Amino acid sequence: MKKRILVTGGAGFLGSHLCERLLDEGNEVLCLDNFFTGRKENIIHLTSNPYFEVIRHNITLPLFVEVDEIYNLACPASPIFYQRDPVQTTKTSILGAVNMLGLAKRLNIKVLQASTSEIYGDPLSHPQSESYWGNVNPLGIRACYDEGKRCAETLFFDYHRQNNVKIKVIRIFNTYGPRMSPHDGRVVSNFIMQALQDKDISIYGNGNQTRSFCYVSDMIEAMIMTMQTGDDFTGPVNIGNTNEHTIMTLAEKIIALTGSKSEISYHPLPADDPIQRQPDITLAKKVLGWEPKVQWDEGLRNTIEYFRSLI
Ligand code: NAD
Ligand code: UDP
Ligand code: UDP
């Protein structure tokens, strides 16, 4: 059955893929965005579809619309953008959550929160499972994002307990793919852009820190599967790829796949940069029957082709 679905942050990297997928499945999509990090280019191909609507709105302000489901993705995700106006980042997570929960409460509908592996901070437990409470510096430069997302989770669970709001919380681990912004400073976009232009690959620290990278189509699949679970399933559920690599290995891989002449250059490690990160996805496998399908080589090749088309 066709649903009217609100996607906040719908002009961003993940949001635009989600809007596209929901439209492909025959739904009506309201894409809400203030275009802080989102781009019209991400959604321009959808605007000819009469079932696609764009609302320019800041999620920190109340919103009165009539919809059947909400995916709450609005929030800058890359450190350089979320640290540019940290107060706004915290407000986006917290006031945005309150408004979307208030909307879901009034309409008695499901609301999914795009939470993050950052709620685990620099983890002392490895791999990270949902039962781990995290190791976050509340005063550091990443706190506007990490603590904002942690408090948003608190709000989701309190609205669930206090007002019976139907919530779904997913903890997204590093995700990459076409439509990442080439200027957002994230490791995959930086390295590919540098490699394609034969510029030095900028490694922060010694490159031994690890991340686990999930391709965007796998992430979108899991988001939709989580939304489709019964009302008794709230999460939080980790969604990500378990293939953990060092940042140095990623640099070498991207140089090899692009045939680049780039060399490695070393730069200081930013404050509070997590040393290692890998999701434990046992719960996602069990409850959703989901696991990532796209291998690193294929995902990186697609992403490289996207960035090549931008240069
Ligand atoms: P993105 O920056 O590309 O998208 C975020 C979107 O939200 C942008 O379009 C931006 O303009 C919009 N936005 C920001 N503040 C807003 C506000 N106050 N009002 C309305 N719109 C606003 O980032 P993304 O990678 O697509 O991330 C989407 C969501 O997933 C975010 O909530 C992020 O925290 C979460 N997430 C992403 C990753 C990842 O690896 N990409 C990892 C963990 C969590
Ligand atoms: N809200 C909204 N759209 C709605 C319903 C509520 O944006 O359709 C906002 C509302 O402005 C409020 C917030 O969500 O600030 C929380 O709503 P709730 O009902 O929990 O709180 P209350 O209105 O009682 O303060
Ligand atoms: N990083 C890097 N060079 C870059 C950008 C990032 O070495 O040009 C490192 C960064 O310090 C971190 C990892 O790559 O250890 C992932 O960074 P990103 O900002 O992509 O994601 P997050 O730290 O939020 O997981």
Side-chain angles (χ1 to χ4, degrees), residues 7-18 31-39 42-43 55-67 71-82 85 88-89 91-93 95-107 113-119 142 145 148-149 152 155 159 162-163 165 170-177 179-181 184-191 193-194 201-214 216 219 223 239-240 246-248 250-251 266-270 272-277:
V7 178
T8 79
F13 160 49
L14 295 180
S16 63
H17 285 278
L18 179 62
C31 162
L32 176 153
D33 210 292
N34 70 349
F35 295 95
F36 177 52
T37 51
R39 293 176 300 149
N42 289 343
I43 50 168
I55 311 169
R56 182 185 281 267
H57 181 81
N58 190 320
I59 201 185
T60 59
L61 301 169
L63 174 79
F64 288 85
V65 289
E66 311 307 311
V67 289
Y71 288 85
N72 187 33
L73 275 63
C75 185
S78 101
I80 59 167
F81 285 125
Y82 71 63
D85 186 347
Q88 182 64 25
T89 299
K91 283 186 185 174
T92 292
S93 274
L95 300 178
V98 168
N99 287 326
M100 289 308 105
L101 287 159
L103 179 62
K105 176 181 146 191
R106 176 175 64 82
L107 299 173
Q113 168 68 356
S115 191
T116 167
S117 54
E118 283 286 313
I119 70 112
R142 294 174 88 102
Y145 183 73
K149 289 283 189 178
L155 284 161
Y159 265 83
Q162 198 173 326
N163 299 305
V165 175
I170 63 168
R171 292 182 178 156
I172 300 174
F173 282 66
N174 294 65
T175 304
Y176 71 100
R179 297 194 206 134
M180 291 181 91
S181 161
D184 73 0
R186 279 186 267 190
V187 69
V188 173
S189 45
N190 266 8
F191 285 6
M193 289 298 287
Q194 290 160 345
I201 304 284
S202 56
I203 290 206
Y204 302 160
N206 59 14
N208 289 336
Q209 72 270 37
T210 68
R211 293 293 186 274
S212 308
F213 297 97
C214 181
V216 59
M219 181 57 59
M223 278 188 192
I239 307 290
T246 67
I247 295 305
M248 180 61 82
L250 176 71
Y266 293 92
H267 304 265
L269 190 68
D272 298 329
D273 199 280
I275 299 295
Q276 53 177 194
R277 186 183 283 158

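Start at 1 and go down the list; that is how both ligands and their atoms are numbered. Worth saying up front: this structure is predicted, and the values here are computed from it rather than measured.
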Polar-atom distance check: Gly38 versus ligand 1, any N or O pair below 3.5 Å? yes
Considering Leu63, Thr116, Asp33, Val7, which one's heavy-atom position lies nearest to atom 12 (C) of ligand 1? Asp33
What atoms of ligand 1 come closer than 4.0 angstrom to any heavy atom of Phe35? 11 (O)
Starting from atom 23 (O) of ligand 1, locate the nearest protein heavy atom and write down its residue, its atom name and how far away it is, to 0.1 Å. Ala77 CB, 3.5 Å
Enumerated ligand 1 atoms positioned under 4.0 Å from heavy atoms of Ala11: 9 (O)
I'd like to know if the side chain of Thr8 and the backbone of Ala74 have a donor-acceptor N/O pair within less than 3.5 Å. yes
Which heavy-atom pair separates Pro76 from Phe36 by the least distance, and what is that distance? CG-CE2, 3.8 Å
Which of the numbered atoms in ligand 2 are under 4.0 angstrom from any heavy atom belonging to Tyr159? 16 (C), 17 (O), 18 (P), 20 (O)
Residue-ligand contact Leu32/ligand 1, heavy atom below 4.0 Å: yes
So, the side chain of Gln194 versus the backbone of Ser202: is there a donor-acceptor pair under 3.5 Å, distance only? yes
Gap between atom CZ of Arg171 and atom OG of Ser115 - 0.5 Å precision: 6.0 Å
Can you measure from CG (Asp184) to CD1 (Ile80) and round to the nearest 0.5 angstrom? 6.5 Å
Below 4.0 angstrom from a heavy atom of Gly12, which ligand 1 atoms are there? Numbered from 1 as shown, please. 3 (O), 4 (O), 8 (C), 9 (O)
Compute the minimum heavy-atom distance from His57 to ligand 1 and say whether it is under 4.0 Å. yes
Hey, which atoms in ligand 1 end up nearer than 4.0 Å to a heavy atom of Thr175? 39 (C), 40 (O), 41 (N)
Contact residues of ligand 3 (heavy atom under 4.0 Å), by chain and number: Pro79, Glu118, Arg142, Asn174, Gly185, Arg186, Val187, Asn190, Phe191, Ser202, Ile203, Tyr204, Gln209, Arg211, Ile247, Pro270, Asp273, Arg277
Would the distance check show the side chain of Thr210 and the main-chain N or O of Arg277 forming a donor-acceptor pair, the cut-off being under 3.5 Å? yes
Could you state the interatomic distance from NZ (Lys105) to CD (Gln162), rounded to the nearest 0.5 Å? 7.5 Å
Go through Leu101 and Gln113 one step at a time and tell me if the side chain to side chain contact (heavy atoms under 4.5 Å, CB included) criterion holds. CA-CA 10 Å; Leu101 287 159; Gln113 168 68 356; over 6 Å; no
To which protein heavy atom is atom 43 (C) of ligand 1 closest, and what is the distance rounded to 0.1 Å? Ile172 O, 3.2 Å
Spacing of Asn190 atom CG and Ile203 atom CD1 [to the nearest 0.5 Å]: 11.5 Å
Please step through side chain to side chain contact (heavy atoms under 4.5 Å, CB included) for the pair Leu63 and Met100, ending with a clear verdict. CA-CA 8 Å; Leu63 174 79; Met100 289 308 105; 4.1 Å; yes
Need the ligand 2 atom indices (1-based, order shown) with element for anything under 4.0 Å from a heavy-atom of Val98. 13 (C), 14 (O), 16 (C)
Residues Lys149 and Glu118 bridged, charged N to O under 4.0 Å: no
Students often mix this up, so state it plainly: with edges at 30° and 60°, are the rings of His267 and Tyr204 parallel, tilted or perpendicular? perpendicular
Supply the atom-to-atom distance Thr89 OG1 to Lys91 NZ, rounded to the nearest 0.5 angstrom. 11.0 Å
If you take all heavy atoms of Arg186 and Ala77, which pair is closest and at what distance? NH1-CB, 3.8 Å
Run the numbers for me: atoms of ligand 2, each under 4.0 Å from some heavy atom of Pro62, listed by number. 7 (O), 11 (O)
Return a yes/no value for Thr37: is any of its N or O atoms, backbone included, closer than 3.5 angstrom to an N or O of ligand 1? yes
Look at atom 26 (O) of ligand 1 and say which protein heavy atom is nearest, naming residue and atom and giving the distance to 0.1 Å. Leu14 N, 2.8 Å
Proximal ligand 1 atoms for Lys149, defined as those under 4.0 Å from one of its heavy atoms: 31 (C), 32 (O), 33 (C), 34 (O)
With no hydrogens and no angle check, is any side-chain donor or acceptor of Asn163 less than 3.5 Å from a backbone partner on Val165? no
Among protein heavy atoms, which lies nearest atom 3 (O) of ligand 1, and at what distance? Phe13 N, 2.9 Å
For ligand 2, which atoms sit closer than 4.0 Å to a heavy atom of Leu63? 2 (C), 3 (N), 4 (C), 7 (O), 8 (O)
Apply side chain to side chain contact (heavy atoms under 4.5 Å, CB included) to the pair Met223 and Leu73, showing each step before the final yes or no. CA-CA 11 Å; Met223 278 188 192; Leu73 275 63; 4.1 Å; yes
Among all protein heavy atoms, pick out the one at the shortest distance from atom 41 (N) of ligand 1; state its residue, atom name and that distance to 0.1 Å. Arg186 NH1, 2.9 Å
Considering non-hydrogen atoms of the protein only, which is the closest contact for atom 31 (C) of ligand 1, and what is the distance? Leu73 O, 3.2 Å
With a 4.0 Å cut-off, would you call Asp273 and Arg211 a salt bridge? yes
Strictly under 4.0 Å, does any heavy atom of Glu118 approach an atom of ligand 1? no
Considering non-hydrogen atoms of the protein only, which is the closest contact for atom 18 (N) of ligand 1, and what is the distance? Asn58 OD1, 2.9 Å
Closest by any non-hydrogen atom to atom 16 (C) of ligand 1: pick that one out of Thr8, Asn34, Asp85, Thr60. Asn34
Quick check: does Ile59 get an N/O under 3.5 Å from an N/O on ligand 1? yes
Against ligand 1, does Ser115 come closer than 4.0 Å with any heavy atom? yes
Nearest non-hydrogen atom to atom 5 (C) of ligand 1 belongs to which of Cys75, Ser117, Pro76, Gly9? Cys75
For Ser16 and Ile43 the tightest heavy-atom approach is CB-CG2, 4.0 Å
For a quick test of reading the model, state the closest non-hydrogen atom pair linking Ala97 to Ala152 and the distance between them. CB-CB, 4.0 Å
From CG (Asn99) to OG1 (Thr92), nearest 0.5 Å: 10.5 Å
Asn174-ligand 1 polar pair, N/O distance under 3.5 Å: no
Set out, in order, the CA-CA distance, both residues' side-chain angles and the distance that settles side chain to side chain contact (heavy atoms under 4.5 Å, CB included) for Phe13 and Thr37, then state yes or no. CA-CA 9 Å; Phe13 160 49; Thr37 51; over 6 Å; no
Min heavy-atom dist Arg39 to ligand 1 below 4.0 Å: no
Give me the residue, atom name and distance of the protein heavy atom closest to atom 36 (N) of ligand 1. Tyr145 OH, 3.9 Å
Taking N or O atoms only and a 3.5 Å limit, does Asn72 qualify as a polar contact for ligand 1? no
